[in-house]
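Step one of this worksheet: look at the structure below.
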Amino acid sequence: MIGNLPFVVCMILVALGLWTLVVKRNLVKLVIGVGLIESGVNLFLVALGYVQGGIPPIYTYAPADAPMVLPTPQALTLTSIVIGVATTALMLAFAVVIYRHKGTLDARKIRELRG
Amino acid sequence: MEETIKIFTGHGHWSPLIWVAAALGTFSVALLLWLLGRREHKRGTDQEIPFLSGERMEEPRVSALHLYWGFAEALKPILTRLKTWHSGVVNDYAGWFLLILAVVFLLVIV
Amino acid sequence: MSVHAPILVIAIPLLGGFAVPILARIHRTVRDLWVVLIACVVAAGVGYVAAQVFSQGIWVYVLGAKTPQETRVSAGFPIRIMLTVDAMSAFMGLIAGILALAAFPFAVRFIPEEEGKTLALALGLLLLAGIAGMAYTGDLFNFFVFLEVTSIAACGLIGFRTWTSRAPEAAFKTMLLYSVSGLLFLLGIAFLYGEYGALNLAYISAQLRGSMVDRIALALFLSGLLMKVAAAPVHFWAPDAYGEAPAAKTLLLVVNTQVSLYGLWRILFTLYGGKLDAGVGWLVISMGLLTMAVAALMAIGQTDLGRLVAYGAVSQIGYMLLGVGVGLVSLTSRADYGLVAMKGGIFHMLNDALTVGLLFLCVGAVEWVKGTRDLRELGGLGHQLPAVALCFLLASLALAGIPPLNGFASKIMIYEGSFRLSPILTALAVLASILLLAVFARAFQGVFLGPRTEITGRIHWVFLFSMGVLAVGIMVLGLVPGFFVEQVVAPAAEALWRGRALYLAAILGG
């Protein structure tokens with residue numbers, strides 16, 4: 001059970017992020033909510049690749065038969081982080097533009113597109 | 001030749017050729033009626049203005065929202081409900097997404 | 001060269017897109033010609049790939065090796081990224097190619113220089129690269145990366161008119177929902193990776209046991225992709241986005257939605273093929289019905305022409321969900337009506353791309369000459385723009401499914417297939433079509449008929465060329481549907497219906 005703790009923490013992070021998207025009204029906080037989900041997913045990926053007592057997956061200077069953690073999830077996480085930076089930056093940029101136009105970041109007031 | 005045109009739907013088949021013939025027939029009837037009309041109306045006079053119960057309007061135009069007015073009016077109760085759903089508040093959209101997520105999870109896992 | 005066609009179709013628009021700002025420094029005409037050239041090359045590329053795949057079966061392109069067998073590690077799974085192009089992928093690629101051919105020449109003329117034309121064209125090419133990647137890849141993580149590429153490029157296109165207050169709002173909402181759906185998709189991939197230790201779609205599919213972890217992953221994939229295809233009730237971003245993006249670029253957003261739909265089919269039929277219970281099929285069907293009903297009704301209440309057409313576009317997604325959903329329900333029993341409905345649903349993807357694309361181009365032309373899209377102000381444009389009026393009429397009738405146009409050809413197959421499952425489905429689908437006919441009849445009457453009004457701009461011949469490409473497509477598909485159904489749509493439907501074993505064998509051997 002204790003071995004599953006990292007996975008549980010990741011799922012809690014994702015759930016908190018989803019909750020943020022529903023209850024928080026500030027656009028920047030919504031972006032933070034997406035960031036929470038992203039951190040949860042990234043942590044989940046890294047936690048998946050962990051091997052008990054494993055060393056970093058670098059062959060140079062590695063002991064002959066030491067267990068290594070899986071390298072693929074780390075590569076995936078790195079890609080996912082890069083993508084996350086791009087999406088977060090884009091969303092924040094849109095939030096800034098919206099703020100300039102409407103003078104508010106309150107999601108309840110940013111509803112020109114409805115119906 | 002037949003196979004390149006027809007669609008087989010399991011029950012039977014459907015061929016657009018009949019419909020092309022029907023469309024051409026309707027079009028020729030319409031053209032005939034149009035050709036039978038009178039042509040000697042004078043441009044730039046009152047003869048060009050549409051007749052609206054003898055009233056003169058500034059801009060006699062039927063906009064898209066006038067057409068099928070009764071149809072849209074009859075559907076108004078449903079439309080108002082649907083429009084409140086599309087509220088424009090992004091939190092509501094996220095809420096709908098959570099609902100779908102819950103439904104899908106219930107359906108797939110249980 | 002030709003053996004590398006699948007990767008070139010992805011690489012050329014990707015690198016070409018980044019070259020656009022550099023070429024704009026040299027000369028604007030060079031940049032415009034370059035963009036059109038890239039669109040033509042991509043269209044030719046997807047055409048070539050499709051011809052090869054339809055004649056010789058699945059085309060596996062391995063990055064960094066010659067055959068899939070060479071990449072097998074001792075544990076038995078392939079370790080390289082692979083592009084796996086089967087008939088369905090090739091069909092999706094064809095749709096993207098045709099719309100690129102219409103969208104880019106139009107965009108070159110349509111987007112004004114001072115409105116950031118260079119960047120808009122570059123983003124369009126990136127979006128095209130992402131779409132081609134999603135259609136061709138055979139690797140789950142690769143699919144996610146291309147999904148995010150399309151999300152970012154699409155939202156850039158939606159919101160790049162930052163001086164209006166509506167466009168950034170639409171872009172923010174769309175981006176938020178896109179990133180959540182993308183992240184849930186990634187979480188699903190992580191679950192599958194944790195269980196099987198691989199990312200190759202075919203390998204995972206062969207190993208899939210249907211355990212609890214697999215089911216959780218399926219739920220995550222399904223909810224993420226249903227959002228991206230704009231199925232009601234999570235479709236709210238779609239009309240906002242389609243309505244606010246520049247008309248020339250909305251075509252690519254439509255293809256983006258369809259390629260997500262393709263991803264959904266790939267997950268449901270190939271990855272989880274044969275391991276689903278009918279409940280998922282019924283979920284797809286019911287969301288399809290809800291989508292067409294809600295969107296058709298909402299279209300009635302619109303006063304903005306672009307938003308009206310956007311709702312029309314969303315409603316068509318419902319027909320595809322219905323057609324393929326019927327196939328999904330009858331997948332285990334292999335009832336023949338399921339295949340008919342699936343052919344209809346897949347054929348409708350092509351038809352919808354053409355008709356909705358043409359409608360959006362007409363909206364763009366109207367906006368170009370009048371400077372507004374408000375239905376209360378538009379009127380009498382048929383006098384000055386007879387060709388645009390004709391195209392709008394043609395596309396509206398095709399969208400509403402009036403014979404002998406292409407929309408009817410695919411809808412009759414959906415109707416007949418779904419009728420055998422339950423007549424209620426067909427009744428609702430026909431009802432939504434009637435509603436759409438009313439909506440588009442009134443839009444056509446209001447915008448193009450009536451006394452002449454003042455116009456401020458003139459139509460360029462390139463606009464008419466782009467519209468002509470799509471209009472000819474609509475008529476040809478409508479007049480000889482049998483040919484296309486047999487040659488193009490049937491292989492694509494079969495690839496999902498029965499082709500899972502072939503797909504797995506192409507990569508895993510034997």
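Order of the sequence lines fixes the chain letters, A, B, ..., with proteins taken first and strands second; residue numbering starts at 1 for each chain.
- Using a 4.5 Å cut-off between heavy atoms, C:Val180 touches chain B through its side chain atoms alone.
- In this structure, C:Leu283 CG and B:Ile100 CD1 are separated by 7.0 Å, a value rounded to the nearest 0.5 Å.
- Listed by sequence position, C:Lys173, C:Leu176, C:Leu177 are the residues of residues 170-179 of chain C in contact with chain B, using a 4.5 angstrom heavy-atom cutoff.
- When C:Leu479, C:Val485, C:Thr303, C:Leu449 are compared by the number of non-hydrogen pairs under 4.5 Å with chain B, C:Leu479 comes out ahead.
- Rounding to the nearest 0.5 Å places CH2 of C:Trp237 at 12.5 Å from OH of B:Tyr93.
- When each of C:Tyr311, C:Phe484, C:Phe419 is checked for heavy-atom pairs under 4.5 Å with chain B, C:Tyr311 comes out on top.
- When the ring pair (Phe, Tyr, Trp, His ring centres under 6.0 Å) test is applied to C:Tyr415, no partner is found at least two apart in sequence or on another chain.
- The aromatic rings of B:Trp96 and C:Phe236 sit tilted, their planes meeting at an angle between 30° and 60°.
- With contacts defined as side-chain heavy-atom distances shorter than 4.5 Å, the pair B:Pro16/C:Pro403 does not qualify.
- Of the atoms belonging to C:Ala443, it is backbone heavy atoms, and not side-chain ones, that fall under 4.5 Å from chain B.
- Residue contact with chain C, scored on non-hydrogen atoms closer than 4.5 Å, involves the side chain of B:Ile78 exclusively.
- Here C:Arg420 is the residue among C:Glu169, C:Lys343, C:Arg420 with the most heavy-atom pairs under 4.5 Å with chain B.
- Taking a 6.0 Å sphere around CG of B:Leu106, one finds it holds more than 12 heavy atoms contributed by other residues, nucleotides or ligands.
- Taking C:Leu339, C:Ile412, C:Val340 one by one and counting their heavy-atom pairs under 4.5 Å with chain B, the maximum is reached by C:Val340.
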- prompt: Can B:His86 and C:Asp240 be said to form a side-chain contact (heavy atoms from CB on, under 4.5 Å), step by step?
  reply: CA-CA 10 Å; B:His86 197 135; C:Asp240 297 358; 3.3 Å; yes
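- To the nearest 0.5 angstrom, B:Leu107 atom CG is 12.5 Å from C:Trp282 atom CH2.
- Under the rule for a ring pair (Phe, Tyr, Trp, His ring centres under 6.0 Å), the partners of C:Phe392 that lie at least two apart in sequence or sit in another chain are C:Phe448.
- Applying a 4.5 Å heavy-atom cutoff, the residues of residues 68-77 of chain B that approach chain C are B:Tyr68, B:Phe71, B:Ala72, B:Leu75.
- Chain B forms the most heavy-atom pairs under 4.5 Å with one residue out of C:Gly279, C:Ala441, C:Pro233, and that residue is C:Pro233.
- Between B:Leu101 and C:Ser223, the shortest heavy-atom distance links the atoms CD1-OG, 3.0 Å.
- Only the side chain of C:Leu184 has a heavy atom closer than 4.5 Å to any heavy atom of chain B.
- Of the listed residues C:Ser181, C:Ala438, C:Gly379, the one with more heavy-atom pairs under 4.5 angstrom with chain B than any other is C:Ala438.
- Between B:Lys83 atom NZ and C:Gln302 atom CD the span is 5.5 Å, to the nearest 0.5 Å.
- C:Val234 approaches B:Phe97 most closely through the heavy-atom pair CG1-CA, 3.6 Å.
- Close placement of the C:Phe408 and B:Trp14 rings is indicated, their centers lying within 6.0 Å of each other.
- Between C:Arg215 and B:Val108 the shortest heavy-atom distance is NH1-O, 2.7 Å.
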